[in-house]
Amino acid sequence: QVQLVESGGGLVQAGGSLRLSCAASGRTFRSYAMAWYRQAPGKEREFVVAITWSGSSTDYTDSVKGRFTISRDNAKNTVYLQMNSLKPEDTAVYYCAAVIPGTPPGRVAAIHYWGQGTQVTVSS
């Protein structure tokens with residue numbers, strides 16, 4: 001069992017930055033690839049970025065490449081999402097997720113555990 005708790009969301013102006021954190025409980029955290037998803041009002045939840053259990057490889061959706069950076073600290077059981085050059089279209093609830101081992105992370109069905117989400121609002 002892995003429990004995920006996100007923090008760091010908030011209101012920011014376009015062009016600004018936020019850093020999201022996801023604190024995980026459970027000794028098996030470091031065996032999971034981790035991902036961030038987001039869901040805007042009236043839209044489906046979408047994949048943003050994933051990182052392997054070791055942190056050696058990452059995968060970003062095209063719309064955030066060059067602006068967002070995912071990282072993890074297995075000693076602290078924490079995953080981070082640094083978001084720079086934020087745009088109004090980045091406004092959404094951001095969810096931390098643990099990926100089912102051996103499953104490509106790009107689909108909602110690939111997720112074993114979800115956090116409760118944190119709101120990110122980017123004003124124009």
Side-chain angles (χ1 to χ4, degrees):
Q1 183 80 9
V2 175
Q3 292 183 323
L4 305 172
V5 179
E6 302 96 334
S7 62
L11 174 63
V12 64
Q13 289 187 332
S17 298
L18 283 174
R19 189 193 196 201
L20 305 183
S21 298
C22 171
S25 64
R27 293 180 296 173
T28 59
F29 165 77
R30 62 190 64 194
S31 68
Y32 283 93
M34 298 296 295
W36 289 93
Y37 282 70
R38 65 186 180 186
Q39 188 166 19
K43 294 188 177 181
E44 293 186 351
R45 194 169 297 188
E46 66 172 357
F47 170 78
V48 177
V49 60
I51 187 167
T52 54
W53 69 270
S54 66
S56 62
S57 182
T58 57
D59 183 22
Y60 293 85
T61 195
D62 287 346
S63 63
V64 307
K65 285 180 180 177
R67 301 189 298 122
F68 290 12
T69 303
I70 189 172
S71 60
R72 67 188 295 165
D73 185 338
N74 286 340
K76 295 182 178 180
N77 278 15
T78 303
V79 179
Y80 304 98
L81 182 64
Q82 178 67 44
M83 304 185 295
N84 298 328
S85 302
L86 282 161
K87 304 175 181 180
E89 51 263 44
D90 294 318
T91 295
V93 177
Y94 282 71
Y95 296 91
C96 178
V99 182
I100 297 171
T103 305
R107 298 177 297 115
V108 170
I111 300 307
H112 201 175
Y113 299 104
W114 291 100
Q116 84 289 351
T118 185
Q119 177 70 47
V120 171
T121 302
V122 184
S123 63
S124 57

Legend entry - Pairwise side-chain hydrogen bond (donor to acceptor under 3.5 Å, both in side chains) hits with a residue in residues 105-117, at least two apart: Glu6-Gln116, Tyr32-His112
Inset, instruction - May I ask you to decide whether Asp90 forms a salt bridge with Lys87, counting only side-chain N to carboxylate O separations under 4.0 Å? - result: no
Inset, instruction - Taking ring-ring contact (aromatic ring centres under 6.0 Å, His included) as the test, write out the residues that go with Tyr60, two or more places apart. - result: none
Inset, instruction - State yes or no: do Val79 and Val49 share one hydrophobic cluster built from I, L, V, M, F, W and Y residues joined by side-chain heavy-atom distances below 4.5 Å, directly or via other members? - result: yes
Legend entry - With Ser31 via side-chain contact (heavy atoms from CB on, under 4.5 Å) - residues at least two apart: Thr28
Inset, instruction - Look only at the side chain of Asn74 and the backbone of Ser54, and say whether a donor-acceptor pair between them is shorter than 3.5 Å. - result: no
Legend entry - ILVMFWY network linking Trp53 to Val2, side-chain heavy atoms under 4.5 angstrom: no
Legend entry - Where Tyr37 and Gly106 come nearest, the two heavy atoms and their spacing: OH-C, 3.5 Å
Legend entry - Within one Ile-Leu-Val-Met-Phe-Trp-Tyr cluster: Tyr80 and Ile51, side-chain cutoff 4.5 Å: no
Inset, instruction - Measure the CH2-CG distance between Trp36 and Leu20 for me, rounded to the nearest 0.5 Å. - result: 4.5 Å
Inset, instruction - Please lay out, stage by stage, how Val120 and Met83 fare under the test side chain to side chain contact (heavy atoms under 4.5 Å, CB included). - result: CA-CA 10 Å; Val120 171; Met83 304 185 295; 3.8 Å; yes
Legend entry - Short side-chain to backbone donor-acceptor contact, Thr52 and Ser57, under 3.5 Å: yes
Legend entry - Same apolar cluster: Phe47 and Val99, side chain cutoff 4.5 Å: yes
Inset, instruction - Could you tell me the separation between the CD atom of Gln3 and the CG atom of Asn77, rounded to the nearest 0.5 Å? - result: 12.0 Å
Inset, instruction - Identify the two heavy atoms, one from Ser17 and one from Ser85, that lie closest to each other, and give their separation to 0.1 Å. - result: OG-N, 4.4 Å
Inset, instruction - Looking only at non-hydrogen atoms, find the nearest pair between Ala24 and Leu4 and report the distance. - result: CB-CD2, 3.6 Å
Legend entry - For Arg45, salt bridge (Lys or Arg N to Asp or Glu O under 4.0 Å) partners two or more places apart: none
Inset, instruction - Over all heavy atoms of both residues, which pair between Phe68 and Val48 is shortest? Give the atoms and the distance, please. - result: CD2-CG1, 3.9 Å
Inset, instruction - Just jot down the side-chain contact (heavy atoms from CB on, under 4.5 Å) partners of Val93, sequence neighbours excluded, or say none. - result: Tyr95, Gln119
Legend entry - Nearest heavy atoms of Arg38 and Ser63, plus distance in Å: NH2-OG, 3.4 Å
Legend entry - Within one Ile-Leu-Val-Met-Phe-Trp-Tyr cluster: Val64 and Val122, side-chain cutoff 4.5 Å: yes
Inset, instruction - Would you give the length of the straight line joining atom CD1 of Ile111 to atom CE of Met34, rounded to the nearest 0.5 angstrom? - result: 8.5 Å
Legend entry - Closest non-hydrogen atom pair, Ala33 against Arg72: CA-NH1, 4.0 Å
Inset, instruction - Report the residues that fulfil side-chain contact (heavy atoms from CB on, under 4.5 Å) with Pro104, sequence neighbours left out, ordered by chain and then residue number. - result: none
